[in-house]
Amino acid sequence: MASAVRMLLGTTRITFGTLSLVSPCFLTDLVGLGDVCTRGDQRAIMLTRLFGSRDLALGGALFYFADQPKLLAVVLQLSLVMDALDFLSYVAGYLSPQQPRQDMRNTRAILLIGAGALAFVFTNLWLLSR
């Protein structure tokens with residue numbers, strides 16, 4: 001079971017990482033942040049690609065180190081820290097009175113970004129407990 005969950009986590013990271021790198025405009029629209037390309041938001045495009053690089057590397061590492069338990073545990077620990085920070089950053093952005101982001105408050109963004117990061121946190125914790 002743990003192997004299947006790890007493969008699902010790795011595949012999800014690789015999929016979102018690849019989408020972020022190849023088509024950041026499509027991905028930001030898909031997760032509910034609006035079409036950053038139409039707005040011409042180059043910083044959002046760059047940040048989306050950076051997050052994509054990270055997810056692609058983490059997803060690949062989950063497969064690459066599958067037969068090396070100690071290294072796999074390190075990858076899962078790093079993944080846990082990054083996902084927890086992603087969740088906290090999302091919550092901080094959602095609650096921030098200085099820069100209210102209407103995009104961050106729509107249902108799709110809440111489910112796919114906020115709840116998604118939290119689901120990754122719990123998935124990493126579960127995998128580390130095995």
Could you tell me which non-hydrogen atom of [X] sits nearest to which non-hydrogen atom of [Y], and how far apart they are?
X	Y	answer
Val121	Ala84	CG2-N, 3.5 Å
Ala66	Leu72	O-CD2, 4.2 Å
Ala2	Arg130	CB-CG, 4.0 Å
Asp83	Asn124	OD2-ND2, 2.8 Å
Phe63	Gly10	CE1-C, 3.6 Å

#### Entry: Side chain to side chain, Met1 and Trp126, heavy atoms closer than 4.5 Å
yes
### Query
Do the non-hydrogen side-chain atoms of Thr12 and Phe120 ever get within less than 4.5 Å of each other?
yes
### Query
So, the side chain of Asp29 versus the backbone of Cys25: is there a donor-acceptor pair under 3.5 Å, distance only?
no
#### Entry: Arg6 side chain to Leu62 backbone, donor-acceptor under 3.5 Å
yes
### Task
Name all residues meeting the side-chain contact (heavy atoms from CB on, under 4.5 Å) criterion together with Met46; count only those two or more places apart in sequence or in a different chain, and write none if there are none.
Leu50
### Task
Using salt bridge (charged side-chain N to carboxylate O under 4.0 Å, His left out) as the criterion, list what pairs up with Arg54, not counting sequence neighbours.
Asp86
Quick check on the hydrophobic clustering: are [X] and [Y] connected, directly or via other members, by side-chain heavy-atom contacts under 4.5 Å?
X	Y	value
Phe51	Leu27	no
Leu71	Leu80	yes
Val74	Met82	yes
Leu58	Tyr90	yes
Leu9	Leu78	yes

Show the atom names and distances, to 0.1 Å, of all donor-acceptor pairs under 3.5 Å that link a side chain in residues 15-22 to residues at least two apart or in another chain.
from: Thr15; atom 1: OG1; to: Thr11; atom 2: O; distance (Å): 2.8
from: Thr18; atom 1: OG1; to: Ile14; atom 2: O; distance (Å): 2.8
from: Ser20; atom 1: OG; to: Phe16; atom 2: O; distance (Å): 2.8

### Message
Go through it in stages, so that I can follow the logic: the residues are Leu47 and Arg49, the test is side chain to side chain contact (heavy atoms under 4.5 Å, CB included), and I'd like the CA-CA distance, side-chain angles, deciding distance and then a yes or no.
### Response
CA-CA 5 Å; Leu47 289 172; Arg49 286 190 167 132; over 6 Å; no
### Task
Drop me the distance from Ser89's OG to Ile113's CD1, to the nearest 0.5 angstrom.
12.0 Å
### Task
Output, in order, the C-alpha distance, side-chain angles, deciding distance and verdict of side chain to side chain contact (heavy atoms under 4.5 Å, CB included) for Thr123 and Leu127.
CA-CA 6 Å; Thr123 302; Leu127 287 169; 4.1 Å; yes
### Task
Might you work through the side chain to side chain contact (heavy atoms under 4.5 Å, CB included) test for Gln77 and Leu128, ending with a clear yes or no?
CA-CA 8 Å; Gln77 289 166 352; Leu128 283 165; 4.0 Å; yes
